[in-house]
Structures are given as C-alpha cells and as structure tokens.
Amino acid sequence: MAFQLTAGSCERLDNATPSEEDVFNEPHTVQFLSIKKVNTVNASSSAVDRYRIIMSDGIHFIQAMLATQLNSMVQDNTIGKNTVAVIEKLTCNYVQEKRLIIILSLRVLAHSTEKIGEPKQVESPPDQATSVTPNTDTIQTSASPLSNVITKHSKPAEQVTSKDGRPSVYPIEGLSPYQNNWTIKARVTQKSDIKTWSNQRGEGKLFNVTLMDETGEIRATGFNLVVDELYPKLEEGKVYYISKARVNLAKKKFSNLANDYELSLERNTEVVECHETANVPMIKYSFVPLSALQDLAKDSVCDVIGVVKEVSALSEITSKATNRQIPKRELTLVDKSGFSVRLTLWGKQAEQYNAEDSPVIAFKGVKVGDFGGRSLSMFSSSTMHVNPHLEECFALRGWYDSSGAEQSFHAHSSAGGGASTMSFNRAEIRSLDDVKQSGFGLPDKPEYFSTRATIMHIKADNISYPACPTQNCNKKVVEDGGTWRCEKCEKSFEAPEHRYIMSLAVADASGQAWLQGFNEVGVTIFGKTANELIAIKESNSAQYNVLLHKANCNTYNFSCRAKQDTYNENTRIRYGISRIYPLDYKEEAMALRDLLYSSWAR
DNA sequence: CCCCCCCC
C-alpha cells in the first residue's frame, strides 16, 4: 500500500518563523526514518529520556523531538523506524540560535518496511545549517534537556510577536534556565493557601500555583511582596499569559510534578489573563474506584471522585513534627463500587469547606493512607473540585440520587491500620520468604498476611474428615454400628458430610511453605465438594490421583493467618488459609493499571 | 527564600 506523504512539509517546517503558527497546527503525513533515544542529563543530573525523530515527507527529512508524554509510543512500539504517521500537532521552540520542533500529537497510519522516496536534507545556505544525516548521531547534548536541536542561525532569538500582536506562546515543556525571553500560556490548575514560615534564615510568606499547558505542567512560587500582587490575581481554573518569571531547578524530592524546573514569580513577572482558553487543557484525571484503594500502596497518590456522604465538624490536630495546630475536617466519600473512604482536608480547605447536599467532588493527587484500612489525605498540591463538569460527576449524581443514597457501603476494613487485616490486601502481598523470616512472636495472637502462591503438592491422605451434617456444626462424627454419631449434637446420621482438611505445599519466587486449609479451600481448588471427591476416590482411585495432580501448578491469592503453636514440645508457626481467591486476571491487570496510574507523571 | 503535608 502506498502512502501519500505531505510533500513539502519538511521544507516548510524548516523555514517556518515563530509567528507562522499555521504550519504547526495543520496535519503532516510523514514517515519516521529513525527514532533514537537521546539520554539527556540535565543540570540536576537526573536522566530524562527524550526521543529524537528524523521524519521525511518523501522529499526532504527534518529532525524533531517527541514530546515526553508520547514516549510510551516508542517504548511499546506503537511507532518505530519507517512508521507512517500523521503529525496532528507540533510546536516549535526558538531557543537562542537553535530551533526545536516538538511533536505533540500523532496518529499512526501504517508500519512500513521500506523508506518511501529518496528524501534529502533540506537545502539551506551553507553558513546557516549544520549537517544532519539520518542514522548518524549529530545531536549535541548540553545542560538543557531540550538542547538536542538543529543549529540554525537564521532564527531570531528575541521574543517574537505573531500577526495579531499577541505574544507568541512558548510551551511549558521548553522552559529552561538558559532562555528567559518567553511567554507561556497556561491554566492555573492548583493554587495553594498563603503559607508563612519562620526559621533561622528568616521569615516570610509564599504561595504556589501549578501551571499547565498542552505540553506539560510546572510549579510556580511567589514570595512576600509578590504574594500581595499575584495571589489575588491568579485564580484557579483561569488561563494566563505569564512572562519574565525566573526558571529554577526543581528540587525533585519536594515536587510531584513531571518537570525538572519550576518558576519563581518575581516583582517584574508579567501576568495577563487570557480568555482564549480552548486549547489549554483542563485537569486530567485518572480516577480510581474507591473499591480499588485497597490495591494501592500506602503513600501512593491517586485521583478519586465520589459523593460526600458525611462531613465531620472542624477539628484541630497538633503536628508532632512542628508542634503547630492544624485545622482538619474529614469527608466520607462513596461511589458506585459500594465502598466508602474517609478523606482529610487540612488548613483553609478544612475551615472553608461548606458544600451542602452531598455534592460530588473530584480530587486529584491525594495521598493514600492505611488508617482504618484505607484513608485519603490532601497534599498542598492536591486539587479538589466540587460538582465538576465531568461525565463521571453526572453519572455519580444520577446514581446517588436514584439509589446510592439508600445503600450501605463497605468501609475499608476497620482493623486499625497496617498489614494486619483479615481480608486479602493486594497492596500488601508478602512473599513466603518474607513471611517466614518475620517470625510472628506472640504465642496466641494470630497475625494476618496476604500472599500469592502456586500449589506444588497436596497431601493426599487425610484430605477430608467425616463431619456432622448439621448446619454450622462441622464436628467430626464417628461411625457407630452403621450410623454416624455427633457428640456435640447428640445425634446420629445415616451418612456424614465430608469436609476438607488440606495441607498444601505452595511456592512463590522466594520459597515455599505449608498452608493449612479447610472446606472452602478444597471446594475452590477441586471445584467439588469433599463428598464428591471421596466418592471418586472410592470408585476410581486413578481418577482421584488425576484430580489431585491437576490441582497442582495453579496460582491463588491467599489471606492467611500465622499462629505460633506448640505440639509435642515443638514450637512452630502454622499458616492457616482464611480465604483463597482464584486469580481473576482482569482484576489483576486492573490493579496493575491503577498502580501505574497512581504513580504516573508525578 | 518553602519543601511541613500533619492526628486518630
């Protein structure tokens, strides 16, 4: 199949000046001649993967960089050498004497095996371009992660102005400390309270905002006098042109954002509200159902949306670290998954909370805690939106008003904190070796853990016992002249009900262990009652052995109970299975997905 | 220049 590449695209892009925005917004069908990872080390010594693409329009080729949010397309082979794709959106940075094309959005048409046409380098006057050849690494890497560019001397370094007189917009992703003559157009997605500090170096006040455009996010901070000027001016949700702020290295350990830099808002920083906001993205959420919180690790970060079922009164805690009094308020959120969770608001947000009538609230970037099984807590960087204009919000509203308000919800296990919950907890799966190493000290106090292991062997003798058929009795019965006698019920029965008592040898990557399981475990493993299995054993022992054999090599999730006991003067730890769960691969995959989303791009 | 993200 032949593809019509957009002849002339490369030449036009190569010659485009910053004000010619049309060429950046129209689609270009191109072929990728090479995609190469450029391992850039920036000034904070953190490695940033960037992909440089040489793309061809069939006549010429030109170099571009892939926006980092598209990196996964290379990593999962959505795009590769000779891929034909439509570049739907790109942007161009002019950094001093260098020009950089960034691909922001693309759609794959085909994976070709051959190069289309005989593309050549775009002709430039000899003194204006460095030589670039496909498959030859001529990229210059310097301190800026975006310095992997074609050197070109013909472009102006100064801030340019487009036809209609508005400033030409610079992408957030392109900001670096090495170029200060830019204007970004960004939405304020988060604005903090005004915070004050006092330490040995002095005292003052500050606030931060998170700024977002289609290329990325950056945090900006204003101090002292700048707070007075800009705090009232910058409103959450609005879009602004911002220029003349200082670009500093972000201290990674304090930042949740995927940006190496942050902005310092200065006295001379210019902030102008912009009303053309269509192409500036709103907050993007990756909502996790409340039922899935148990699969997220403590201290991970996630987005949730729920109906506020309860609101606590305002209270105050004293921080152990700083001794400061901190206002707090707890919301109880519920959603369609049938779970509820408590979420803590702090500071002004706690004091000023006044939403009524069970609103729907969307939260972004909240912290997962393990209090009461699972809990949520706001960071200063978290966002909270009451009744947002989102599909998920409308759906929750409808559900809650029609039925949700009347139903009951699962709290996230009331077993106070930590790993000792009795139900399976995917976020706290422990390896068998880890379990065995931990020892479980106290003789009579059982400890609970979750594990995932594969059955290696099932003890074939004494796999079941004859039990009393009375509901919930389960006591062993003894044969007594043709009938079966239960001492507890003081009754005799014609036949016992067999119940499993299983010893399983299970293994995972770390080692093996013996687990004891009762009736439910056997029913799950064999898909048969113990009566059925015993009947097979007695009529056809070969088939029984086949069933035992087939039970091996199957993997399950287990909730287990470890308990120290002493038997014949030997003290040992026995591991009992309280619940066994066949693997649901869809559920496992969803849990992995939620885990990825919860840590993605923060 | 902050950088704590808290408590039950």
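Protein chains get the first letters and strands the later ones, always in sequence-line order, with residue 1 at the start of each. Small disclaimer: the values here were computed from a predicted structure and weren't measured.
The OH atom of Y556(A) sits 9.0 Å away from atom CG of L583(A), with the distance rounded to the nearest 0.5 Å.
Counted within 6.0 Å of CD on E406(A), heavy atoms from surrounding residues, nucleotides or ligands total 12 or fewer; the atom is thus considered open.
Between F409(A) and F339(A), a ring centre-to-centre spacing not shorter than 6.0 Å is recorded.
Salt bridge annotation for D193(A)-K348(A): absent, with no cationic side-chain nitrogen under 4.0 angstrom from a carboxylate oxygen. Note on R397(A) versus D401(A): salt bridge recorded, some NZ/NE/NH1/NH2 to OD/OE distance being below 4.0 Å.
A heavy atom lying under 4.0 Å from DNA chain B marks none of the residues of residues 227-235 of chain A.
Residues satisfying the side chain to side chain contact (heavy atoms under 4.5 Å, CB included) criterion with K238(A), sequence neighbours excluded, are E235(A), Y240(A), E273(A).
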Under 4.0 Å protein heavy-atom contact, by nucleotide of nucleotides 1-8 of chain B - B base, S sugar-phosphate only
BBBBBBBB
Determine, stepwise, if the pair D228(A) / K205(A) fulfils salt bridge (charged side-chain N to carboxylate O under 4.0 Å, His left out).
CA-CA 10 Å; D228(A) 302 330; K205(A) 62 183 175 183; 2.7 Å; yes
